[in-house]
Amino acid sequence: MSETPAPANHRTEPEPLLAHRQPRRVSSSGLLNPPGRWRSLLTFTVVLLLLLGSAFITAFLVYQQSAAQKVRDEMEHILRRADGDLPDGYRQIIPILKRHAELLGREETGERLARYLVYLALFHGDATALEHAAEARSLAETRSRRKGQHYRAVFEVARLLVERRHAQAQLEAEKALISYPRSDLLLYELSLARMGLGSWEAAHASLEMALLLRERRELPLLVELAQLERRRGQFDRARGLLNEVLRRSPQHPIATLEHQLVLALLGLKFSVPEPSGSQETSEPVAYRIQLLRALADMRQEDFAAARKHCAEIPGAYPEAAWCRARVFLRSPGEPAEFIELIPRLQSAPFPDLACTMMDFYLMMHRPLAAREQLEDCAGKPAPDAPVEPRVITLAILEEDVATLAAACPLATSPDTLWTCLDGAVRLKRWELLDQLERHPLLSLADRDRIRRLVFTDAFSLVTREEPPADCSPRGVFLRTRWARRALKAGMTDQALKWHQRTLTACPYSVQHRLTRMELLAAAGLRTEALADSESLEDLVHAPSLFRLGSLDLNLGQPQTALFWANTLMRQFPDDYRGYLLSAIVERSHNRWRQFQRNIEIAQRLALHAPVLREHQATWEAYQGRYSEVERILGEQMQPDPDVAELWSTLARMIQREQPAQAARWFQKAVERWLERKSPAAASRVLVTYAETLDPLEDKPELKRVVSSLKAIPELHPEALAFLSRYEGTLDRNAPQVVKYMEEAVRLAPCNAEYRMRLGNLLFDVDRERAEEQFQNILTLRPTSLTEQAKERLQKLQREAPPTQATP
């Protein structure tokens, strides 16, 4: 039976059309009672908060933008200062760039930092700037590792340059340029390395390439190029570059100094700007300041101050050696001082290097070394070009009479003319001297001085006037001859003083040193002459070696003189001077056969040397062939000033064996001097003759000589002293006895012997004047008479009359 399912429980009542809900609670205030007001309030609050937040954010963004703009403006200003290449500008911008690297971009910031650091370290001399190299490299390689490697190489080369390792810096820069051929910084560093190694032409090419890559915008590169042009002697180019730099950066510290250096080297007016602040410690500034000061001192001829400033230039700069060399060539100095500079001078090819070296070799009497520099210094001579003074000096050292005869009459400057005059006198080329005396550049007054100083005793000239004190060829020529004539006139101290001016004011020269030693030897100052002779070393010039050997012989050192003779014969086998010097040494030992043999060899080597004719006459005099002597000396066609002195020398040589013949030759010497209007020299020869006479046996002859002396209008101090002694033997109280001695003292105030004799004559007559003479002796060079003067003074004081008491 099936069960029927129960029916589902369905709602049978219909649902109401409006549902009934419980009413909401009503607020007592009624503010939020209307539907939707709560939602509106919430929306309004949210909107208000959004508006306030956006306003705050907008204000914050505006503030941030304003601050960034301020930083941008400040950086822009400093970047403009950095474009002026001022070290202080670099130092200010480096920390700002590091703090605001994102502002310009890390990569560009790193590149700028790297450039500024390189310029600051290598151009402005601030090596501490490289401490920031790692940061700059890190910023530069933000997007490109290759850039980081580039700047790593740049800073490595910069470090080597700061350490002055130029060879390694050049190698590293060249290697880096293979990978980075368009790197202007590497090219700049390569140029610095090449400059440090003396490869200035290659450095010039590198700098020009770097400037092309930077479109000539970089001031450090322009200034470095200007410095290189100045070192190469291209002063106009350097001046143009510096004018461009100073137009763009008027306060540039290095360009300002470089510009003044160029003006100084052009011979124009320049000034020495004083550095300010930290610039004083910067090497690139400091070396230019010292160089400018040295050039200013040299222009004022204050060579001591110039030498000091040159010494303060750092040795790493080639100008240090160049400056010292210029001072040496214009002021006295030891040759060792210049010799130590030669390697440094040769490593820096200044355009005047060849002339500098040639001047030194000429001063040292090294004609072979000087000739090697001639073409590089003077170039190939043009047919109508004026003669270079160095060519004249070289011809004098080489005794190249043909060059002198061809070039000297065409001299266009006074210095060249006076150099030619000096050569004509030193080489005894009287025909050339006569031609040069008519040169239009020579004044009548100087022509008269030359004639008197060379061909006469110039007694009235040297006893009444002072020689010129300047260091020009004219001053040196006149002062040297003035000193020689003053020495012959008995003015020993004055002669040495005048020549000392040459040694203290003019450059070092073997010629000046030899002249001083000859003057000292002639003055009897043997010790000083020997001390000076030991300072002369490594002479390789035959005439100078001959002078040195003759000097040693005159100083009583025949063995040393013989050593120099052998040196001459070994080094200059074709020169006659070695045999001549050996002959003179043999004669001093009375070995006449050896003397004759050496003279004959010397004559075969030099047929026309006037000095050989004189020694041949000496040999003939020794042989007793007096007519042959007179024939040889009579053949002197030119007015040789030494002939008159030679007659006197030969007369003294034969005086003992042939007094009559000696008297004739003394008379010839007197006649020659009188012919040359030199009465004082004639009186000196007469005194030399008179002193060979016996006061008793030759009394008539002695009386005749005295009469001749009194007839001479101008007397030598020796003649005055002789007349005083002679008159004193006749009558000690005769007034002329004191009168003659007073005149001798006036002419030769530094002669202690004359003052001692005058003091002794006045001792019993005028004690006050006698004391004056003895006091003056004490102020002179110490001699054996110094102690005698002290004793005479003590005796005067002991014998002084007692002073009377004042009533």
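Here, residue 1 is the first one in the sequence, and each next residue gets the next number. All values below come from the heavy atoms of this structure, side chains included, with hydrogens, waters and symmetry mates left out.
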S.K.: If you apply the rule side-chain contact (heavy atoms from CB on, under 4.5 Å), what do you find for Val425 with Leu421, and how did you get there?
M.R.: CA-CA 6 Å; Val425 174; Leu421 289 166; 5.7 Å; no
S.K.: Please determine which of Arg324, Arg230, Arg288 meets the side chain to side chain donor-acceptor pair (under 3.5 Å) test together with Glu319.
M.R.: Arg230
S.K.: Report yes if some heavy atom in the side chain of Pro507 is under 4.5 Å from a heavy atom in the side chain of Cys471; otherwise report no.
M.R.: yes
S.K.: Please check: side-chain N/O of Ser199 versus main-chain N/O of Ala202, any donor-acceptor pairing under 3.5 Å?
M.R.: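 No, because the side chain of Ser199 does not come within donor-acceptor range (under 3.5 Å) of the backbone of Ala202.
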S.K.: State plainly whether the residues Glu312 and Arg307 are in salt-bridge range, i.e. N to O under 4.0 Å.
M.R.: no
S.K.: Apply salt bridge (Lys or Arg N to Asp or Glu O under 4.0 Å) to the pair Arg513 and Glu334, showing each step before the final yes or no.
M.R.: CA-CA 11 Å; Arg513 290 285 182 92; Glu334 292 297 327; 3.1 Å; yes
S.K.: Give the intermediate values and the outcome of side-chain contact (heavy atoms from CB on, under 4.5 Å) for residues Thr256 and Gln251.
M.R.: CA-CA 7 Å; Thr256 302; Gln251 304 301 320; over 6 Å; no
S.K.: What I want to find out is whether Glu189 reaches Arg115 closely enough, with some N-O distance under 4.0 Å, to be called a salt bridge.
M.R.: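 A salt bridge is absent here (no side-chain N lies under 4.0 Å from a carboxylate O).
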S.K.: Check this for me: does any side-chain nitrogen of one of Glu174 and Arg194 sit under 4.0 Å from a carboxylate oxygen of the other?
M.R.: yes
S.K.: Where do Leu295 and Ala264 come nearest, in terms of heavy atoms and distance?
M.R.: CD1-CB, 3.9 Å
S.K.: Of Gln511, His499, Gln500, which meets side chain to side chain donor-acceptor pair (under 3.5 Å) against Arg516?
M.R.: Gln500
S.K.: Taking atom CD of Gln346 and atom OG1 of Thr356, what is their separation to the nearest 0.5 Å?
M.R.: 11.5 Å
S.K.: For Thr416 and Thr419, which I'm curious about, is there any donor-acceptor pair between the side chains at under 3.5 Å?
M.R.: no
S.K.: Say whether, by atom type as modelled, one donor and one acceptor occur between the side chain of His132 and the main chain of Leu113 under 3.5 angstrom.
M.R.: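 A pair under 3.5 Å: no.
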S.K.: What heavy-atom pair brings Pro367 and Glu398 nearest, and what distance separates the two atoms?
M.R.: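 Residues Pro367 and Glu398, closest heavy atoms: CB-CG, 3.8 Å.
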S.K.: In the structure I gave you, are the side-chain heavy atoms of Ser533 and Leu548 within less than 4.5 Å of one another anywhere?
M.R.: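 A side-chain contact under 4.5 Å exists here.
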S.K.: Return yes if a side-chain donor-acceptor contact under 3.5 Å exists between Asp415 and Ser413, otherwise no.
M.R.: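 Judged by distance alone, the side chains do not pair up.
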S.K.: Can you tell me how far the CD1 atom of Ile254 sits from the NE2 atom of His259, to the nearest 0.5 Å?
M.R.: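 Reported value, rounded in 0.5 Å steps: 15.5 Å.
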S.K.: Is the shortest side-chain N to carboxylate O distance from Glu258 to Arg231 below 4.0 Å?
M.R.: no
S.K.: Should the pair Asp359-Arg326 be classified as a salt bridge under the 4.0 Å nitrogen-to-oxygen rule?
M.R.: no
S.K.: Would you check if the side chain of His439 reaches a backbone N or O of Leu442 as a donor-acceptor pair within less than 3.5 Å?
M.R.: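 Flag not set: sc His439 to bb Leu442 has no pair under 3.5 Å.
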S.K.: Between Arg426 and Glu399, is the salt bridge (Lys or Arg N to Asp or Glu O under 4.0 Å) condition met? List the steps.
M.R.: CA-CA 10 Å; Arg426 282 163 59 180; Glu399 299 186 341; over 6 Å; no
S.K.: Check for a donor-acceptor pair, side chain of Arg501 on one end and backbone N or O of Cys506 on the other, with a separation under 3.5 Å.
M.R.: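 Checked: no pair found.
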S.K.: Using a 4.5 Å cut-off on heavy atoms from C-beta on, say whether the side chain of Leu265 contacts that of Phe270.
M.R.: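 No, side chains not in contact.
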S.K.: Looking at every heavy atom in both Ala129 and Leu120, which two are closest together, and how far apart are they?
M.R.: CB-CD2, 3.7 Å
S.K.: Using 4.0 Å as the upper bound for N to carboxylate O, is an ion pair formed by Asp85 and Arg248?
M.R.: no
S.K.: How close do Ala483 and Ala495 get, counting heavy atoms only, and between which atoms?
M.R.: O-CB, 3.2 Å
S.K.: Could you tell me whether the side chain of Met363 reaches within less than 4.5 Å of the side chain of His512, counting heavy atoms only?
M.R.: no
S.K.: Please round to the nearest 0.5 Å and tell me the distance separating atom CG of Leu241 and atom CG of Leu225.
M.R.: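 Those atoms lie 5.0 Å apart.
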S.K.: Would you say that Arg484 contacts Thr515 through its side chain, given a criterion of any heavy-atom pair below 4.5 Å between the two side chains?
M.R.: yes
S.K.: Looking at Leu397, Val391, Leu394, Leu362, which hits side-chain contact (heavy atoms from CB on, under 4.5 Å) with Arg371?
M.R.: Leu394
S.K.: Per the side-chain contact (heavy atoms from CB on, under 4.5 Å) rule, which among Leu539, Val540, Leu536 passes with Leu545?
M.R.: Leu539
S.K.: Can you tell if the side chain of Ile450 reaches within under 4.5 Å of the side chain of Trp418, non-hydrogen atoms only?
M.R.: yes
S.K.: Look at the side chain of Asp400 and the backbone N and O of Thr403, then say whether any donor-acceptor pair between them is shorter than 3.5 Å.
M.R.: yes
S.K.: Measure the CG-OH distance between Leu161 and Tyr188 for me, rounded to the nearest 0.5 Å.
M.R.: 8.5 Å
S.K.: Determine whether Met209 and Arg214 make a side-chain contact, defined as any pair of heavy atoms from C-beta on separated by less than 4.5 Å.
M.R.: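 No, too far: nothing below the 4.5 Å cut-off.
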S.K.: Please name the pair of heavy atoms, one in Ala320 and one in Gly315, separated by the smallest distance, quoted to 0.1 Å.
M.R.: CB-CA, 4.1 Å
S.K.: So, Arg239 and Asp236, do they make that salt bridge, N to O below 4.0 Å?
M.R.: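 No.
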S.K.: Test Tyr317 against Trp322 for side-chain contact (heavy atoms from CB on, under 4.5 Å), laying out the working first.
M.R.: CA-CA 9 Å; Tyr317 294 92; Trp322 178 84; over 6 Å; no
S.K.: Taking only Lys NZ, Arg NE, NH1 and NH2, and the carboxylate oxygens of Asp or Glu, determine whether Arg479 and Glu466 approach each other closer than 4.0 Å.
M.R.: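 Here Arg479 does not pair with Glu466 in a salt bridge, since their nearest N and O are not under 4.0 Å apart.
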S.K.: How many angstroms lie between CG in Asp184 and CG in Leu211, if you round to the nearest 0.5 Å?
M.R.: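 Spacing of CG (Asp184) from CG (Leu211) equals 9.0 Å.
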S.K.: Please report whether the ring centroid of Trp200 lies less than 6.0 Å from that of Phe350.
M.R.: yes
S.K.: Please check this pair: side chain of Thr393 against backbone of Pro389, looking for a donor-acceptor N/O pair closer than 3.5 Å.
M.R.: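 Side chain of Thr393 to backbone of Pro389, a donor-acceptor pair under 3.5 Å: yes, one is there.
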S.K.: Has Ser191 got a side-chain atom pairing as donor or acceptor with Leu207's backbone, closer than 3.5 angstrom?
M.R.: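 The answer is no, because no donor-acceptor pair under 3.5 Å joins these two groups.
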S.K.: In the structure I gave you, are the side-chain heavy atoms of Leu478 and Arg474 within less than 4.5 Å of one another anywhere?
M.R.: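 With C-beta onward as the side chain, the pair touches.
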S.K.: Can you tell me how far the CE atom of Met357 sits from the OH atom of Tyr361, to the nearest 0.5 Å?
M.R.: 3.5 Å
S.K.: Anything under 30° is parallel, anything over 60° is perpendicular, the rest tilted; go ahead and classify His365 against His541.
M.R.: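 Ring orientation of His365 relative to His541: perpendicular.
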S.K.: Can a donor-acceptor pair be found, under 3.5 Å and without considering hydrogens, that links the side chain of His124 to the backbone of Asp126?
M.R.: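 No; judged by distance alone, with no hydrogens or angles, the pair does not exist.
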S.K.: Would a distance-only check, ignoring hydrogens and angles, find a side-chain to backbone donor-acceptor pair under 3.5 Å from Thr480 to Phe477?
M.R.: no
S.K.: Starting from the C-alpha separation in whole Å, work towards a yes-or-no answer on salt bridge (Lys or Arg N to Asp or Glu O under 4.0 Å) for Glu208 and Arg237.
M.R.: CA-CA 13 Å; Glu208 287 284 6; Arg237 293 183 192 174; over 6 Å; no
S.K.: For residues Cys310 and Val327, report the shortest heavy-atom separation together with the two atoms involved.
M.R.: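 Closest heavy-atom pair between Cys310 and Val327: SG-CG2, 3.7 Å.
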S.K.: Would Tyr508 and Leu503 count as a side-chain contact (heavy atoms from CB on, under 4.5 Å) here? Give the steps.
M.R.: CA-CA 7 Å; Tyr508 175 91; Leu503 292 177; over 6 Å; no
